[in-house]
Protein chains: 2
Amino acid sequence: MDRTIVDYQSNRLQEKLHKILGSVGGTASGCPIRNILDRFSDKWSTLSIFHLGDAGTLRFNELKKRIDGISQRMLTVTLRTLERDGLVTRRVYPQIPPRVEYELTDLGRSFLVQIIELGDWASVHSAQIMQAREQYAAREHLVVE
Amino acid sequence: MDRTIVDYQSNRLQEKLHKILGSVGGTASGCPIRNILDRFSDKWSTLSIFHLGDAGTLRFNELKKRIDGISQRMLTVTLRTLERDGLVTRRVYPQIPPRVEYELTDLGRSFLVQIIELGDWASVHSAQIMQAREQYAAREHLVVE
DNA sequence: CGGGATCCCACATGATACTG
DNA sequence: CAGTATCATGTGGGATCCCG
């Protein structure tokens, strides 16, 4: 059930790890890998993709209602970035008042699968992590004598 | 080979997605899921875990040498957080000069597997994303008339 | 309705200096 | 060697106002 102990030493994973470490080597900010990983780390990006994945197509304000606490500005900025990276399509209907619909691309759905797995991991291990945090405060640090 | 088009509509994934959306619902900053996802998004955390996963055990300065560009302060802060969350162990040898070794826990190795998959996704799709970015600059936005 | 433009501040992070 | 403490800064992101 709980796969906490993982065979991370499998050739397959080691291979991927070395490939990644090679790619991120130069911390030159131009590094595309780092650049993409930043999308995963962005709170608003992940939430936007979760909701678009769930709902299919959403208008700007529909999305805004679903993402609790996001400001108009950040939703705009986030969606622009996702559109620029090819994860989301933006469709404008030239009518008054304007209607703009957002939807995941195939690439975006592929991305969604990844962050679902992340979220699932977090969900499964959250209790373990919360426990570690509690112990941390009241712990003597490990000392080898 | 390239699984860009993914069956993201599988019951399994939808189930996980709904579970996640339920958990992140209240954007109360105390939310453990959001809280954990922040670790994934942290540049220095992911790099630290990559290198610890690759090397097994590393001393403070060994790790610092491997993570290009990290400041002493940020490495300390990062390692403390990872230790607090139970992802990394910190072992202090009381000798002069001091010797401190860091190593992934089982939980940390489980985490490592997740970010390897992320990095792999980024690596596989980076060309596609870079291409999307180039097109974005020179594109007429999609308008339905 | 769906933004764009500004202002502004908190906080994350870098640089530097000191220490057991 | 492995930090801690202090100071400096830049920028992510919220609040607000305006516009087609």
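Order of the sequence lines sets the chain letters (A, B, ...), proteins ahead of strands, with each chain counted from 1. Note that this is a predicted model, so its numbers are computed, not measured.
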TODO: Please state whether the phosphate of D/dA2, meaning OP1 or OP2, lies under 4.0 angstrom from any side-chain nitrogen or oxygen of B/Arg80.
DONE: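 B/Arg80 to D/dA2 OP1/OP2: no side-chain N or O under 4.0 Å.
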Task: Bend angle of the helix from C/dC1-D/dG20 to C/dG20-D/dC1, from helix axes over five pairs at each end, nearest 10° - done: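 The angle separating the two end axes equals 50°.
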- [ ] Using the ring-ring contact (aromatic ring centres under 6.0 Å, His included) rule, collect all pairs that involve residues 103-124 of chain B, keeping only residues at least two apart or in two chains.
- [x]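 Only A/Phe40-B/Trp121, A/Phe111-B/Trp121, A/Trp121-B/Phe111, B/Phe40-B/Phe111, B/Trp121-B/His125 qualify under ring-ring contact (aromatic ring centres under 6.0 Å, His included).
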TODO: Start with the C-alpha gap between A/Tyr102 and A/Arg90, add the side-chain angles, then the distance that decides, and say whether side-chain hydrogen bond (donor to acceptor under 3.5 Å, both in side chains) holds.
DONE: CA-CA 5 Å; A/Tyr102 293 91; A/Arg90 176 172 183 269; 3.1 Å; yes
Which residues share a side-chain contact (heavy atoms from CB on, under 4.5 Å) with [X], sequence neighbours left out:
{"X": "A/Glu134", "result": "none"}
{"X": "A/Glu62", "result": "A/Leu58, A/Arg59"}
{"X": "A/Thr46", "result": "A/Ile115, B/Arg34"}

Task: Full working for side chain to side chain contact (heavy atoms under 4.5 Å, CB included) between A/Asp42 and A/Asp38 - done: CA-CA 6 Å; A/Asp42 184 43; A/Asp38 286 346; over 6 Å; no
Partner residues of [X] under the salt bridge (Lys or Arg N to Asp or Glu O under 4.0 Å) criterion, sequence neighbours left out:
{"X": "A/Lys64", "answer": "none"}
{"X": "A/Arg133", "answer": "B/Asp85"}
{"X": "A/Glu103", "answer": "none"}

In whole Å, what is the span from the [atom1] atom of [X] to the [atom2] atom of [N]?
{"X": "B/Asp42", "N": "D/dG12", "atom1": "CG", "atom2": "P", "result": "15 Å"}
{"X": "B/Leu63", "N": "D/dC1", "atom1": "CG", "atom2": "P", "result": "15 Å"}
{"X": "B/Arg59", "N": "D/dG3", "atom1": "CZ", "atom2": "P", "result": "10 Å"}
{"X": "B/Glu62", "N": "D/dG3", "atom1": "CD", "atom2": "P", "result": "13 Å"}
{"X": "A/Met74", "N": "D/dG12", "atom1": "CE", "atom2": "C1'", "result": "7 Å"}
{"X": "A/Asp68", "N": "D/dG14", "atom1": "CG", "atom2": "P", "result": "12 Å"}
{"X": "A/Ile96", "N": "D/dC19", "atom1": "CD1", "atom2": "C1'", "result": "11 Å"}

Open item on the list: Below 4.0 Å from chain B heavy atoms, what is the first contacting nucleotide of DNA chain C and what is the last?
Closed with: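 Listing 5' to 3', DNA chain C meets chain B from C/dT13 to C/dG20.
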Open item on the list: Quick check: on DNA chain D, is the nucleotide nearest A/Pro97 upstream (toward 5') of the one nearest B/Glu101, or the reverse? Name the residue that is more 5'.
Closed with: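 Looking at the nearest nucleotide for each, B/Glu101 comes out on the 5' side.
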- [ ] Indicate, with a heavy-atom threshold strictly under 4.0 Å, whether B/Arg73 touches base, sugar-phosphate, or nothing.
- [x]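 Base: the residue B/Arg73, judged by heavy atoms under 4.0 Å, touches a nucleobase.
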